[in-house]
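Residues take their numbers from the sequence shown, with the count starting at 1.
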Amino acid sequence: MGDPVLDSLDCLLEDPELLAVSTRALAMRSPGSSTAGREGIAPDRLLRCVVLKHIKGWSYRELHRELRASLLYRRFTRFYEDPIPNFSNLCRSFALFGKEGTEQIHQRIVQQAKAAAIIAGKKLRTDTTAVETNIHHPTDSALLADSLRIMTRYVQRIAEGCQESELRMVNHARASKHRLLEIGRAARTLTQAGQEQLKQSYKKLIVLTRRVSAQAAAVLEDLKDGQLVARAEAFMKVVAAEGSLKHYLPLVEKIITQSQARILGAQTRHPEKILSLFEPHSAVIRKGKAHKPNEFGRLVRIDEVENGVVSHYAVASGNLCDQQQWIPALTAHVELFGQAPRLAAADRGFWNSANEKAAAQLGVEQVVLPGRGRLSAARAARQKERWFRRGQSWRAGIEARLSTLKHRFGMQRALYKGEIGFERHVGWCIIAHNLVAMTRAGYNRGKHSCRSG
């Protein structure tokens, strides 16, 4: 028994340029790792494992379990009878691709689709969607509690790893839990007494967080001045804890400042708002959905051409307006295909007169951007023409594409850590989708003869 999708992809993944990207990624493990040290996972095996993981929508543990149990997946990943790496080793190896490596693999796969005449770049439809980061709902009280927990954890590790240390760190987990309960009860009451109790509880939590933050800053100064010396066996543990404290302390200060401004100063529109201590790049995305007015993550633009292939994607730095995404989508298309599409379509959020003129100047023959507001007679007549209505019907297909990317390939929520991990997760979801779309479009699909030939 075989897998039709994996069998079609077997030849595609043997491309020398794809293997070169995987080889360069593995060479980034440490200086000289490509010429010295013990042998690790082979580049072709790494590439096939990450493709298999995202096509099937598995976690690292599930990938490790399925590779151990299935001869079909062993054959596809070229492990055969060799031992399978641990899931943690697979996780660290996948992270080596980074943002640049993921983009290079996506571009190469699009080039393969172009060479196989699956895509020609004659039509383009684009849209934006919000992809969530893997965070809890961002309340000020939860952010302060996370700050207390993280600072206490790393100060305790430093205290345990230093010799003859008199450093003592009180664990305020119980106190922060009580403050969170008080804030939750007070937030459910709309009376004046309840709101005053809310502010008092927040004041106590902010004072506690500031006190622990000051103690953590003092510990860093003692390490710098040599007053705290790490034991030899715990040196790396102390260095790691020190680096984590240096990373989190500026974020904690921002969280304290924004909590004071929002709760005590009633400034709800605080600039550069931090939504998560662990994913600080997250932004508030408002797409006008009645059931979900606020989404916490990043805005992603998807550019799709023929046969459902996503030719380009871009992660926005903030909550950009759709009108600002139109010209970059056309420019990326021209760079890839060498010419503008014959038809370019998007929803009415992308429309303005400047965008229509820019598309016409680039050489787009049919610009399908529905106007907003009250339409003139000429504009209404233009949007009722047959080519415009056909373009709108074709544009609507990208909504299903976004749904497929989110629910079938796991792009609804990015599970990889950090900003680079977010872009890596989005990129590999799109790569997996493109590979499946290419097999459905007939890539490497030969005629299967019967047993008699």
Legend entry - Gln392: side chain to side chain donor-acceptor pair (under 3.5 Å) partners, not counting sequence neighbours: none

Inset, instruction - Could you list all the salt bridge (Lys or Arg N to Asp or Glu O under 4.0 Å) pairs where at least one residue sits in residues 338-348, not counting sequence neighbours? - result: none

Inset, instruction - List for me each residue that meets side chain to side chain donor-acceptor pair (under 3.5 Å) alongside Gln258, sequence neighbours excluded, and say none if there are none. - result: none

Legend entry - Lys246 atom NZ, neighbour heavy-atom count above 12 within 6.0 Å: no

Legend entry - Residue pairs passing the salt bridge (Lys or Arg N to Asp or Glu O under 4.0 Å) test where at least one lies in residues 404-420, sequence neighbours excluded: Glu132-Arg413, Arg298-Glu419

Inset, instruction - Could you tell me which non-hydrogen atom of Asp140 sits nearest to which non-hydrogen atom of Ser259, and how far apart they are? - result: OD1-OG, 3.6 Å

Legend entry - For Tyr248, ring-ring contact (aromatic ring centres under 6.0 Å, His included) partners two or more places apart: none

Legend entry - Minimum heavy-atom distance between Cys429 and Leu405, given as atom pair plus value: O-CD2, 4.0 Å

Legend entry - Any pair counted as salt bridge (Lys or Arg N to Asp or Glu O under 4.0 Å), so long as it reaches residues 89-104, sequence neighbours left out: Lys99-Glu423

Inset, instruction - Name all pairs fulfilling the side-chain hydrogen bond (donor to acceptor under 3.5 Å, both in side chains) condition that reach into residues 12-25, sequence neighbours left out, sorted by first residue then second. - result: Glu14-Arg78, Asp15-Arg108, Arg24-Gln104

Inset, instruction - Taking all heavy atoms of Ser176 and all of Ala173, pick out the closest pair and write down the distance. - result: OG-O, 2.9 Å

Legend entry - Step-by-step ring pair (Phe, Tyr, Trp, His ring centres under 6.0 Å) determination, Trp58 to Phe87: CA-CA 12 Å; Trp58 293 334; Phe87 68 90; over 10 Å; no

Inset, instruction - Could you pull out the closest heavy-atom pair between Ser141 and Leu205, with the gap in Å? - result: O-CD2, 3.9 Å

Legend entry - Where Ile302 and Met411 come nearest, the two heavy atoms and their spacing: CD1-CE, 4.5 Å

Legend entry - For Ala95, all residues meeting side chain to side chain contact (heavy atoms under 4.5 Å, CB included), sequence neighbours excluded: Arg424

Legend entry - Reference residue His433; test ring pair (Phe, Tyr, Trp, His ring centres under 6.0 Å); the match among Tyr313, Trp428, Phe409: Phe409

Inset, instruction - Under the side chain to side chain donor-acceptor pair (under 3.5 Å) rule, collect the residues that match up with Thr126, sequence neighbours excluded. - result: Asp303

Legend entry - Student check: side-chain heavy atoms of Ser147 and Leu277 closer than 4.5 Å: yes

Legend entry - Neighbour count >12 (heavy atoms, 6.0 Å) for atom CZ, Arg372: yes

Legend entry - Where Leu299 and Ala130 come nearest, the two heavy atoms and their spacing: CD1-N, 4.4 Å

Legend entry - Geometric class of the Tyr60/Tyr416 ring pair [parallel <30°, tilted 30-60°, perpendicular >60°]: parallel

For residues 319-334, tabulate all N or O donor-acceptor pairs below 3.5 Å that involve a side-chain atom, not counting sequence neighbours.
unit_1 : atom_1 : unit_2 : atom_2 : d
Asp322 : OD1    : Thr128 : OG1    : 2.8
Gln323 : NE2    : Trp351 : O      : 3.0
Gln324 : OE1    : Cys321 : N      : 3.4
Gln325 : OE1    : Arg301 : NH1    : 3.4
Trp326 : NE1    : Asn355 : O      : 3.2
Thr331 : OG1    : Ile327 : O      : 2.8
His333 : NE2    : Gly121 : O      : 2.9

Legend entry - Residues, nucleotides or ligands: over 12 heavy atoms within 6.0 Å of Arg29 CZ: yes

Legend entry - Exercise: do Ser276 and Ser282 side chains pair donor with acceptor under 3.5 Å: no

Inset, instruction - With sequence neighbours excluded, tell me which residues meet side chain to side chain donor-acceptor pair (under 3.5 Å) with Glu253. - result: Ser213

Inset, instruction - Could you name each residue pair satisfying salt bridge (Lys or Arg N to Asp or Glu O under 4.0 Å) that touches residues 147-158, not counting sequence neighbours? - result: Asp146-Arg149

Legend entry - Arg389 bridged to Glu385 by N-O distance under 4.0 Å: no

